[in-house]
Amino acid sequence: MPVNAPHVLVIGAGVAGASVAYFASRLGARVTVVDAGRHAASTVPSALVNPVRGQSGAVDERAVEGLRLTWALVDGLAEAGCPVPHGRVGVLRPVPDGRARQKFERHLPPELPHAWLAPEEVPVPLAPGWEHALWLPEGGWLDGAAFTAGLLAASGAEVVLGRAVGWDARSVTLEDGQVVCGAAVVRCGGSVGASWASEAATHRAGTLLTLDRAVTDVPVSFGAYLAPAAVGGVLGATFEAPAASWREPTLPLRSLGWLLGRAEALTDLGGARVVGRWGGTRLSGLVTGRTPDGVWRLCGLGSKGFLLGPLLARHVAGDVVRAAPG
Ligand SMILES: Cc1cc2nc3c(=O)[nH]c(=O)nc-3n(C[C@H](O)[C@H](O)[C@H](O)COP(=O)(O)OP(=O)(O)OC[C@H]3O[C@@H](n4cnc5c(N)ncnc54)[C@H](O)[C@@H]3O)c2cc1C
């Protein structure tokens with residue numbers, strides 16, 4: 001490490017913070033990550049890397065670049081000895097009717113490889129009623145916790161376990177009174193971090209069911225999603241009403257009934273058994289860049305943490321390292 005390498009402090013070791021740490025260290029920075037070790041949405045057991053979002057089919061203008069970077073990182077982590085369970089197997093988006101298809105088509109950029117399939121051509125037998133299916137060959141799924149931990153390990157960052165209760169442009173104060181000083185501070189605290197900092201934001205708690213086996217070999221998504229996971233498969237996700245702050249996760253029984261109904265509308269579940277659940281909270285309203293107090297931010301990744309998180313982190317890390325005194 002160069003003698004005058006800037007020392008970058010990152011609060012939060014979810015996919016946002018781990019990605020900032022990874023790219024900052026590749027740019028020559030010395031990095032310390034402070035993490036409370038609690039409530040990271042990034043431990044999602046199977047995250048879709050899906051460029052075509054929701055039931056409107058919206059495509060972020062950075063989606064193609066983001067998805068290719070995420071897969072390049074998965075490859076790089078494997079080479080560095082941090083394999084990430086994943087399936088770069090495509091994503092299937094069943095679409096109920098011609099009107100919905102038109103809506104999707106309006107959003108599809110020419111540079112995003114895709115194909116429209118008739119129900120009899122799809123790689124997964126769909127339940128009756130779907131008129132069209134959009135095939136996204138570059139999509140897939142990955143293990144959120146392994147990807148995030150791999151980036152953090154590959155960054156070589158020093159990790160300090162603890163909750164940050166104060167920060168300014170050059171320092172972070174921990175709950176136990178310890179002060180860590182550096183050349184720049186980047187806050188990547190996700191939903192729980194925004195809540196601990198009493199910031200106004202929109203939080204949505206979500207629950208996935210983990211299954212004893214993958215119902216489909218490729219992720220299938222419309223309303224709900226079925227996807228393989230490192231162990232078994234997942235059925236995701238319920239999303240509860242937006243809330244003004246993070247809350248301790250509960251078991252949303254009513255929403256789980258809805259989720260199972262949505263899954264059966266996608267395909268035959270073939271007797272797959274529910275073996276567990278995973279809950280997390282996503283934060284909407286992307287904030288990226290330097291705030292007036294001199295602290296950098298990357299948070300509010302919404303449902304695109306693994307599609308756009310690393311790409312946005314690469315931009316933030318570049319700006320931070322360029323601006324930080326060595
Ligand atoms: C049910 C569900 C399903 C999802 N599915 C997908 C999907 O299929 N594809 C996809 O791309 N995305 C998906 N997401 C979204 C994705 O999980 C999030 O966008 C992403 O994980 C957010 O990452 P983050 O690093 O911003 O926050 P987090 O992962 O929440 O990490 C924040 C970290 O910061 C720490 N922290 C916060 N404040 C402090 C502090 N003051 N001091 C110390 N540490 C602190 C926390 O303890 C935590 O470890 C899903 C989310 C949910 C809830």
Side-chain angles (χ1 to χ4, degrees), residues 9-21 32-51 53-54 60 63 66-67 70 91 139-145 147-149 151-152 159-167 172-175 180 185-199 201 203-210 219 221 224-227 229 234-240 246 249 252 255 259 277-288 297-313 316:
L9 311 179
V10 178
I11 301 175
V15 68
S19 303
V20 168
T32 300
V33 175
V34 176
D35 189 72
R38 297 174 62 199
H39 313 304
S42 303
T43 60
V44 57
S46 179
L48 297 195
V49 184
N50 171 19
R53 311 299 310 169
D60 190 283
L67 118 109
T70 295
V91 169
W141 66 273
L142 58 73
D143 183 293
F147 182 67
T148 303
L151 287 172
L152 192 59
V159 178
V160 177
L161 275 181
R163 178 168 155 189
V165 292
W167 44 79
V172 173
T173 305
L174 300 178
E175 221 166 6
V180 190
V185 174
V186 191
R187 286 182 56 215
C188 305
S191 167
V192 77
S195 224
W196 283 340
S198 307
E199 289 163 344
H203 305 252
R204 288 196 80 179
T207 300
L208 292 175
L209 296 176
T210 53
S221 164
Y225 73 89
L226 286 156
V234 301
L235 163 57
T238 72
F239 277 104
E240 308 311 312
W246 175 89
S255 315
L259 183 63
R277 69 173 163 122
W278 174 89
T281 306
R282 70 183 198 204
L283 180 73
S284 308
L286 183 65
V287 183
T288 170
R297 302 285 306 271
L298 176 56
C299 59
L301 295 173
S303 60
K304 296 179 246 178
F306 296 88
L307 179 70
L308 296 184
L311 179 69
L312 296 168
V316 171

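Read the numbers this way: they start at 1 and go in the same order the structure lists the ligands and their atoms. In what follows, residues are counted from 1 in the order of the sequence shown.
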Notebook entry, point to check: Considering only heavy atoms of Ile11, which atoms of ligand 1 have at least one such atom less than 4.0 Å away?
Noted result: 39 (C), 40 (C), 42 (N), 43 (C)
Next item on the list: Could you list which atoms of ligand 1 come closer than 4.0 Å to a heavy atom of Val192?
Entry: 37 (C), 46 (C)
Margin query: Heavy atoms only, cut-off 4.0 Å: how does Leu307 contact ligand 1, side chain, backbone, both, or neither?
Written below: backbone
Next item on the list: Examine the side chains of Thr210 and Trp278 and answer whether a donor and an acceptor come within less than 3.5 Å of each other.
Entry: no
Check: Which ligand 1 atoms are under 4.0 Å away from a heavy-atom of Gly280?
Finding: 53 (C)
Next item on the list: Take every heavy atom of Gly236, measure it against each atom of ligand 1, and state whether any distance is under 4.0 Å.
Entry: no
Item checked: Nearest neighbour of atom 3 (C) of ligand 1 from the list Phe239, Trp246, Phe147, Trp167, on a heavy-atom basis -> Phe239
Checklist line | Closest to atom 32 (C) of ligand 1 among Ala47, Gly189, Gly12, Ala40 (heavy-atom distance) | finding: Gly189
Next item on the list: Give the single entry among Gly17, Ala41, Gly206 that approaches atom 30 (O) of ligand 1 most closely by any heavy atom.
Entry: Ala41
Check: For ligand 1, which atoms, with element, lie under 4.0 Å from some heavy atom of Gly193?
Finding: 37 (C), 38 (N)
Next item on the list: Find all atoms of ligand 1 within a distance of less than 4.0 Å from any non-hydrogen atom belonging to Phe306, and give their numbers and elements.
Entry: 10 (C), 11 (O), 12 (N), 17 (O)
Next item on the list: Look at atom 18 (C) of ligand 1 and find which of Gly302, Ser303, Gly14, Ala16 reaches it with the closest heavy atom.
Entry: Gly302
Item checked: Protein non-hydrogen atom below 4.0 angstrom of atom 50 (C) of ligand 1 present -> no
Next item on the list: Heavy-atom contacts with Lys304 under 4.0 Å: which atoms of ligand 1 show up? List them by number with element.
Entry: 11 (O)
Check: What atoms in ligand 1 come closer than 4.0 Å to a heavy atom of Arg38?
Finding: 46 (C), 47 (O), 48 (C), 49 (O)
Check: Is it true that Ala18 lies under 4.0 Å from ligand 1, counting heavy atoms only?
Finding: no
